[in-house]
Protein chains: 2
Amino acid sequence: MIDQHTWDLYDRQADVLKALAHPIRVAIVHMLQDGERCVCQIIPEIDCDRTNISKHLAIMTRAGVLRSRKDGLKVYYSLRTPCVANFLSCAASTLKNKAAEDAKALARI
Amino acid sequence: MIDQHTWDLYDRQADVLKALAHPIRVAIVHMLQDGERCVCQIIPEIDCDRTNISKHLAIMTRAGVLRSRKDGLKVYYSLRTPCVANFLSCAASTLKNKAAEDAKALARI
DNA sequence: CAAGTATGTGAGTGTATGCTCACATAATCT
DNA sequence: AGATTATGTGAGCATACACTCACATACTTG
């Protein structure tokens, strides 16, 4: 049986993962892989309501995935922990792997 | 502007992350780090409804995170892509990192 | 083949999440 | 100071998700 303290940890780890589990947030993390960007650079790349992006940035910041820095009118966001970028490539290889196994399974039929 | 094909990729990457973004599923991935387990081994570790665990396993399998293998009455689950285990340690260091920065920010006040 | 064991599924309900709109704040510029 | 630009926030609605219960399937064993 998993004890309460361990569940708390799993809860918070899940929160970090939740913070990345949305296509728009994946896109933002992808953009930030090459360094910090201000909101005004992120908005034109992602075709959706401005305030929506603000909220996605807030979610990731609250979860500890992003860090923000204000410079004049602009707010710059960056990845707080670079390892989160690996999530994306691992997710990609998971998809590839599954596609390959599914194809093999079909071939067997 | 991000094109449609790239959004499709982000969508599917987000699906993989969603498949891990739940405390129970984090716990299961944690268990499977040391190798495959049958459902009957997972259930007693996690104190919740049996059918609920079935559904969480189905979600992760559909997303390509887990693989299942039937042996007699039992079904054994394992990680399809070992790199997903890194998610947990990266999530943990994200939490640690954020805590450290928050503490530093408080100290500055 | 009947009973038992291990696991999966569909329907219904409650809660959480995402999105948009109107409004708020904060720094800059004239 | 007043106007403008960049960003954030709260309320309300729509959708998605997690959970439970009753039921279904599939293999095994007497």
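Just so it is clear, the model here is predicted, and its values are computed rather than measured.
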Checklist entry - For nucleotides 21-30 of chain C, read 5' to 3', which letter fits each nucleotide if B means a protein heavy atom sits under 4.0 Å from the base, S means only the sugar-phosphate is that close, and - means neither? => result BB---BBS--
In this structure, how many angstroms lie between the [atom2] atom of [N] and the [atom1] atom of [X], rounded?
| X | N | atom1 | atom2 | answer |
| --- | --- | --- | --- | --- |
| B:Leu17 | D:dC17 | CG | P | 14 Å |
| B:Met60 | C:dT7 | CE | P | 15 Å |
| A:Lys18 | C:dG18 | NZ | C1' | 14 Å |
| A:Leu57 | D:dG8 | CG | C1' | 11 Å |
| B:Asp15 | D:dA16 | CG | P | 12 Å |
| A:Tyr10 | D:dA18 | OH | C1' | 20 Å |
| A:Leu66 | D:dG8 | CG | C1' | 15 Å |
| B:Gln41 | C:dT5 | CD | P | 18 Å |

[atom2] on [Y] to [atom1] on [X], rounded to 0.5 Å:
| X | Y | atom1 | atom2 | result |
| --- | --- | --- | --- | --- |
| A:Cys90 | B:Leu17 | SG | CG | 8.5 Å |
| B:His56 | B:Ile24 | NE2 | CD1 | 4.0 Å |
| B:Lys18 | B:Gln13 | NZ | CD | 12.5 Å |

Quick one: is [N] close enough that its OP1 or OP2 comes under 4.0 Å of any side-chain N or O from [X]?
| X | N | answer |
| --- | --- | --- |
| A:Tyr77 | D:dG8 | yes |
| B:His22 | C:dA16 | no |
| A:His56 | C:dC19 | yes |

Next on the checklist: Over 60° means perpendicular and under 30° means parallel, so tell me whether B:Tyr10 and A:His30 are parallel, tilted or perpendicular.
Outcome noted: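 Aromatic pair B:Tyr10/A:His30 classed tilted.
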Checklist entry - Minimum heavy-atom separation for A:Val29 to A:Met60, with atom names? => result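 Distance-wise, the nearest heavy atoms are CG2-SD, 4.0 Å.
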Next on the checklist: Could you report the tightest heavy-atom contact between A:Ala19 and A:Ala63, atom names first, then the distance?
Outcome noted: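 Heavy-atom minimum between the residues: CB-CB, 3.4 Å.
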Checklist entry - A:Ile53 near the nucleic acid: base, sugar-phosphate alone, or nothing, with a heavy-atom cut-off under 4.0 Å? => result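 Since no nucleic acid heavy atom lies under 4.0 Å of A:Ile53, the category is nothing.
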Can I get a per-line list of side-chain donor-acceptor pairs under 3.5 Å for residues 72-82 of chain A, giving both atom names and the distance, sequence neighbours left out?
residue, atom, partner, partner atom, Å
A:Arg80, NE, A:Gly64, O, 3.1
A:Arg80, NH1, B:Glu101, OE1, 2.8
A:Arg80, NH2, A:Leu66, O, 3.3
A:Thr81, OG1, B:Thr94, OG1, 3.2

